[in-house]
Amino acid sequence: MPELPEVETVKRGLSAAMEGAHIKKLELRRGDLRFPFPEDFEGQVSGRTIIGLGRRAKYLLIDLDSGKTIISHLGMSGSFRIEAGSASGTPGDFHYERSKDERHDHAIFHLEGKDGPRRVIYNDPRRFGFMDIADRSELQNNPFLFALGPEPTGNELSAAYLAERFAGKAQPLKGALLDQKTIAGLGNIYVSEALWRAHLMPTRAAGTLVTKTGRPKEPLNLLVASIRDVIADAIKAGGSSLRDHIQTDGSLGYFQHAFSVYDREGHPCRTPGCGGTVSRIVQAGRSTFYCPVCQK
DNA sequence: CCTTGAACCTGGGCGC
DNA sequence: TGCGCCCAGGTTCAAG
């Protein structure tokens, strides 16, 4: 679910409910997700005020007035939702019996905002997500954030930068682009989509896009533009569905209907005049979708 | 260092 | 209806 555009959409969806709100209490329903929650996590968060939300790659950042920042990763199945009011239903309430989904509510922020009490609930069936907390001034040294490469939408990502990273690499482009140390925020969907836009085969060795002298070959310029565009388009699509549905669930919004190759095995390629059929292969244990006709 | 594969977890979909 | 199998948006660790 959550690659960079989805986390950005979640951040925007949570902003109104969380920014400026007082955290009456953080309630943890279990001791761990993928990793144990930090030492005295509830104590460090309860009683604080949220001064802002941020994002780095696929990490949601929640800034507290204590100078600490909560670092939240949604894994494969994590989501946030907002509920009005201060407590769950009462016995006799139609909604009281905990639904199947609520069994996976692991962390609940009990908030007091300008418009009254509400809860922001983190749900994660597979528990591949995790949370950490660190001093804001030390964020760049956090073990989860430390080694991350540049954001795909910023100026730091350039053909020259990728040429440097790709030089001499036999690794397929698919794997090279999934590496968060090279570009932070791309996942399985958007790597397939970006390579399709750039007409590049996912199996092609990353090093073939670099000249002997370490300069970017022409397709690398197109790849950088494709990465930027696909991420920007997805954020825009998330944003538009956000306005309609106040989407905080990390779902793909309307963009999923715009996938060109992802999950479209056997369907016609959408490159004008191509006529190819989308194929699926497995690379490093994960599905890759591409058009064998127009991707080289 | 490079690259792959298994592991972590639960749920949904499909074939039988 | 149930069972077994495969698949799923991510990351880390061990092993080749």
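Just so it is clear: chains get the letters A, B, ... in the order the sequence lines come, proteins before strands, and each one is counted from 1.
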Are any of the side-chain nitrogens in [X] or [Y] under 4.0 Å away from the carboxylate oxygens of its partner?
X: Glu102(A); Y: Arg29(A); result: no
X: Asp105(A); Y: Arg81(A); result: yes
X: Glu193(A); Y: Arg197(A); result: no

Checklist entry - Between dA14(C) and dC9(B), how far is it from one P atom to the other, in whole Å? => result 16 Å
Next on the checklist: So does Asp124(A) get a backbone contact from the side chain of His106(A), meaning a donor-acceptor N/O pair under 3.5 Å?
Outcome noted: yes
Checklist entry - Quick one: does Lys217(A)'s side chain have a donor or acceptor within less than 3.5 Å of a partner on Thr208(A)'s backbone? => result yes
Rounding to a whole Å, what distance do you find between [X]:[atom1] and [N]:[atom2]?
X: Asp124(A); N: dG11(B); atom1: CG; atom2: C1'; value: 12 Å
X: Glu3(A); N: dT11(C); atom1: CD; atom2: P; value: 9 Å
X: His73(A); N: dT12(C); atom1: NE2; atom2: C1'; value: 12 Å
X: Phe144(A); N: dG10(C); atom1: CZ; atom2: C1'; value: 12 Å
X: Leu178(A); N: dT12(C); atom1: CG; atom2: C1'; value: 15 Å
X: Asp179(A); N: dT11(C); atom1: CG; atom2: C1'; value: 11 Å
X: His106(A); N: dC9(B); atom1: NE2; atom2: P; value: 12 Å
X: Arg280(A); N: dC6(C); atom1: CZ; atom2: C1'; value: 9 Å

Next on the checklist: Only pairs with both distances under 3.5 Å count, Watson-Crick or wobble alike; so what is the partner of dA15(C) in this structure?
Outcome noted: dT3(B)
Item to check | ring pair (Phe, Tyr, Trp, His ring centres under 6.0 Å) partner of Tyr122(A), chosen from Phe109(A), Phe80(A), Phe130(A) | outcome: Phe80(A)
Item to check | Phosphate OP1/OP2 of dT11(C): any Gln180(A) side-chain N/O under 4.0 Å | outcome: yes
Checklist entry - Is any side-chain N or O of Ser287(A) closer than 4.0 Å to OP1 or OP2 of dA8(C)? => result yes
Item to check | Minimum-distance nucleotide to His104(A) side chain [options: dC9(B), dT11(C), dG11(B)] | outcome: dG11(B)
Item to check | Sugar-phosphate only, base, or nothing, as touched by Tyr262(A) at under 4.0 Å among non-hydrogen atoms | outcome: sugar-phosphate
Item to check | Contact state string [nucleotides 1-8 of chain B, B base, S sugar-phosphate only, - no protein heavy atom under 4.0 Å] | outcome: --S-S--B
Checklist entry - What is the ring orientation for Phe37(A) with Phe41(A), classed by angle as parallel under 30°, tilted 30 to 60°, or perpendicular over 60°? => result parallel
